[in-house]
Q: 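Have a look at this one.
The structure presented is a predicted model; accordingly, all values stated were derived computationally and were not measured.
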Amino acid sequence: MARVARPNVAVSTPGRRCRRLLCIAATAAAAVAATAAVRTATFAAPDRCPPGGGMRGLRGFGIRPAPASTSDSSLLSAATAVAAAAGSREDSGANADGAGSGVSGASLNLAKNLVGSGVLSLPSGVAAFSASASALWPSLFFLAAAALLSAYGFFLIGRVCEETRSSTFAGAWRGSLRQGAWVPQLVCVLECLGGSIIYAMVLGDVISSLLQGIVPAALAARSTAISLVGAIVLFPLCCLRSFGQLARFSLLGTLATTYVVLFVMKRFFDGSYAPGGVFFNKAIHPVLDAVGGGGLNPNVLILVSILSTAFLVHFNAPQFYDELEPSGTPDDSKARSTKRSRFGLVGIAGFSIAAAQYALIMVFGFLTFGRATEGNLLLNYAVSDKWAVAARVAIGLSTLFGYPMQFAGLRSGLLEAMGFDGQLPKVKHRLLTGGLLGGVLLIACLFRDLGRFQAIEGALLAAFLIYIAPPLMAIRLWGGRGAKVRFTSLIAVGVFLSVIGCVVTMRA
């Protein structure tokens, strides 16, 4: 199909050159992301579980581990986070000889843990504060800053684990602050609650859009879709005590997000949703100013909050540090320094790979739909677009099979908070699962804007885990003047983003 020119893009020679350069850069970045996904599959062999993978640590919650471990997808990272907070640990991420994982393998697995369905909200974060293409420049700056600060917080947690000889987030918290042990437990429960709601919202959006025109409108409604999939599919899956049957779907999350990146780029460059395109819809035509209009306003904090959620993997930092070769905390000071440097490289590489995919989705999703961008980007694409249908199916399946692990973290965290240790009887297990799941699904039905919900979660929880908790632990261990200034500044940034970001998001 001939490419349709966009009326809101300048037609000057410099503009065309910039567009070609943008296309080349995007293609190169997509190739890097796809290569990372393929290489991650190589490192995620069943006999070598990556850091934060599979069922590790869930025994502390009374959940029986799967018979054979495999890598987790990005959609399973929050359940692993709860395992970290529980303080239990299995050596499933190291090599069979105990040597630990290498830098390249750990970096790719970190990127895989980061990139999930939350990437779909990033374009709406840009649309929340501007309708101009020039707003992408400050947006990319904030994305890079969020990636850098998140990587620094990730590195700080590893250093605290080294200093306190801890292998869990809860252990690092206790070893450094020596008080408030309930804090990581509470944050874990809330994080898994938010993640469970977000997963249910994604499933509702995806399934509802897939059913449009196939079944009666009442059955295709979003709330109906959430209720039906919850009762028919999610409840039986969440009642499982062993997730070994779901391990085979672990790579689906990575493949799904990689496909979505390529799809979003394709639809921008082929002009299918531009005026004159086969899927053009006047109601969602992007109103983008060619020049100016990209100034900042308080609503930019919505994007910053979404970015906080997108880069949240910090509960897994202790496992990544512990399982990086040589595994554990070395006794020799030189070996510890070397491992510290290697861990820093893991953070930089992993967050950079994730940031590249985020940037592609954010830029080309926003340029395609502008101010009309939905909180879930896939909702903007036509129901008759077969490539979009494939993207919805991929995201839906990866979310569906990742949901039980996310929900298990919520249920187990609540049980531990109530002081229950062990397995519930079958009937009580099902009653508790049904009650919790019903409450989660009800909230998912009430909240329709995925982007706004993620922004609220990012402001309330992710900002604490990324910007406040790591320097708060570190400042108790390293008392130098320069370190105190650096850590205090990062804590101040976290408090600002948490309080002001939440207020702005609620009022927007």
Q: Atom CD of Gln454 and atom OG1 of Thr309: how far apart are they, to the nearest 0.5 Å?
A: 6.0 Å
Q: Hey, what do you get for OG1 (Thr505) to CD1 (Ile456), rounding to the nearest 0.5 Å?
A: 6.5 Å
Q: Between Tyr381 and Phe263, is a ring-ring contact (aromatic ring centres under 6.0 Å, His included) present by the stated rule, with each step listed?
A: CA-CA 11 Å; Tyr381 294 96; Phe263 160 71; 4.6 Å; yes
Q: Ignoring hydrogens, what is the shortest heavy-atom contact between Ile226 and Val229? Give both atom names and the distance.
A: O-CG1, 3.4 Å
Q: Verify the neighbour count for atom CZ of Phe447: are there more than 12 heavy atoms of other residues, nucleotides or ligands below 6.0 Å?
A: no
Q: Okay, side chain of Thr373, backbone of Gly370: is any donor-acceptor separation there less than 3.5 Å?
A: yes
Q: Looking only at atom types and distance, does a side-chain atom of His314 sit under 3.5 Å from a main-chain N or O of Ser150, one as donor and one as acceptor?
A: yes
Q: Does the Glu374 side chain pair with the main chain of Ser124, one donor and one acceptor, at a distance under 3.5 Å?
A: no
Q: Do Phe351 and Phe154 have ring centroids that are under 6.0 Å from one another?
A: yes
Q: Do any N or O atoms from the side chain of Ser498 and from the backbone of Ala459 form a donor-acceptor pair under 3.5 angstrom?
A: yes
Q: Mind listing the closest non-hydrogen atom pair of Ala474 and Leu156 along with its distance?
A: CB-CD2, 4.2 Å
Q: Just so I know, are the side chains of Ser308 and Tyr467 near enough to count as touching, which here means a heavy-atom distance under 4.5 Å?
A: yes
Q: Grab the two heavy atoms, one from Leu237 and one from Pro404, that are nearest each other, plus how far apart they are.
A: CB-CG, 3.6 Å
Q: Just do the side chain to side chain contact (heavy atoms under 4.5 Å, CB included) check on Leu122 and Val126 with the steps written out, would you?
A: CA-CA 7 Å; Leu122 289 175; Val126 183; over 6 Å; no
Q: What is the minimum heavy-atom distance between Gly350 and Leu114, and which atoms define it?
A: O-CD1, 3.9 Å
Q: Would the number of heavy atoms belonging to other residues, nucleotides or ligands and lying under 6.0 Å from NZ of Lys266 be above 12?
A: yes
Q: Any non-hydrogen side-chain atom of Tyr403 less than 4.5 Å from a side-chain atom of Leu437?
A: yes
Q: Are Phe279 and Asn380 close enough that some pair of their side-chain heavy atoms sits under 4.5 Å apart?
A: no
Q: Start with the C-alpha gap between Val261 and Val119, add the side-chain angles, then the distance that decides, and say whether side chain to side chain contact (heavy atoms under 4.5 Å, CB included) holds.
A: CA-CA 9 Å; Val261 170; Val119 71; 5.9 Å; no
Q: Hey, are the side chains of Val160 and Trp478 touching, using non-hydrogen atoms and a 4.5 Å cut-off?
A: yes
Q: Kindly write out the residues that satisfy side chain to side chain donor-acceptor pair (under 3.5 Å) with Ser209, not counting sequence neighbours, or none if the list is empty.
A: Arg392
Q: If you take all heavy atoms of Cys238 and Arg411, which pair is closest and at what distance?
A: O-NH1, 2.7 Å
Q: Could you check whether any side-chain heavy atom of Leu465 comes within less than 4.5 Å of a side-chain heavy atom of Glu191, counting everything from C-beta outward?
A: yes
Q: If we check side chain to side chain contact (heavy atoms under 4.5 Å, CB included) with Val264, which of these qualifies: Leu378, Ile361, Val363?
A: Ile361
Q: Kindly compute the distance separating CG (Leu461) from SG (Cys502), expressed to the nearest 0.5 Å.
A: 9.5 Å
Q: Any donor-acceptor pair under 3.5 Å linking the side-chain atoms of Ser132 with those of Ser134?
A: yes
Q: Calculate, to the nearest 0.5 Å, the distance between atoms CZ and OG belonging to Arg222 and Ser208 respectively.
A: 8.0 Å
Q: Using a 4.5 Å cut-off on heavy atoms from C-beta on, say whether the side chain of Val206 contacts that of Thr399.
A: no
Q: Check this for me, if you would: do Arg448 and Asp205 make a salt bridge, where the nitrogen-to-carboxylate-oxygen distance has to be below 4.0 angstrom?
A: no
Q: What is the ring orientation for Trp173 with Phe464, classed by angle as parallel under 30°, tilted 30 to 60°, or perpendicular over 60°?
A: tilted
Q: Could you grab the distance from atom NZ of Lys112 to atom OG1 of Thr257, nearest 0.5 Å is fine?
A: 10.0 Å
Q: Show the numbers, then the answer: is there a side chain to side chain contact (heavy atoms under 4.5 Å, CB included) between Leu367 and Leu136?
A: CA-CA 9 Å; Leu367 289 178; Leu136 289 171; 3.6 Å; yes
Q: Ignoring hydrogens and geometry, is there a side-chain-to-backbone donor-acceptor pair from Thr488 to Val485 under 3.5 Å?
A: no
Q: In this structure, are over 12 heavy atoms from other groups packed under 6.0 Å from Trp387 atom CH2?
A: no
Q: Could you tell me which non-hydrogen atom of Val495 sits nearest to which non-hydrogen atom of Ile468, and how far apart they are?
A: N-CD1, 3.8 Å
Q: Without swapping roles, check the side chain of Asn297 against the backbone of Phe129 for a donor-acceptor pair under 3.5 Å.
A: yes
Q: Is there a side-chain contact between Phe169 and Asn316 (heavy atoms, below 4.5 Å)?
A: no
Q: For Leu211, enumerate each residue passing the side-chain contact (heavy atoms from CB on, under 4.5 Å) test, keeping only those at least two apart in sequence or located in another chain.
A: Ile207, Val215, Ala220
Q: Are Phe311 and Tyr358 close enough, and set up right, to give a side chain to side chain contact (heavy atoms under 4.5 Å, CB included), and what steps lead you there?
A: CA-CA 10 Å; Phe311 284 114; Tyr358 292 162; 3.5 Å; yes
Q: Look at the side chain of Thr224 and the backbone N and O of Ala218, then say whether any donor-acceptor pair between them is shorter than 3.5 Å.
A: yes
Q: Quick one, Leu234 and Leu203 - any side-chain contact, counting heavy atoms below 4.5 Å?
A: yes
Q: Would Tyr273 and Phe280 count as a close aromatic pair, with their ring centres under 6.0 Å?
A: no
Q: I need the Cys188 SG to Leu414 CG distance, nearest 0.5 Å.
A: 11.5 Å
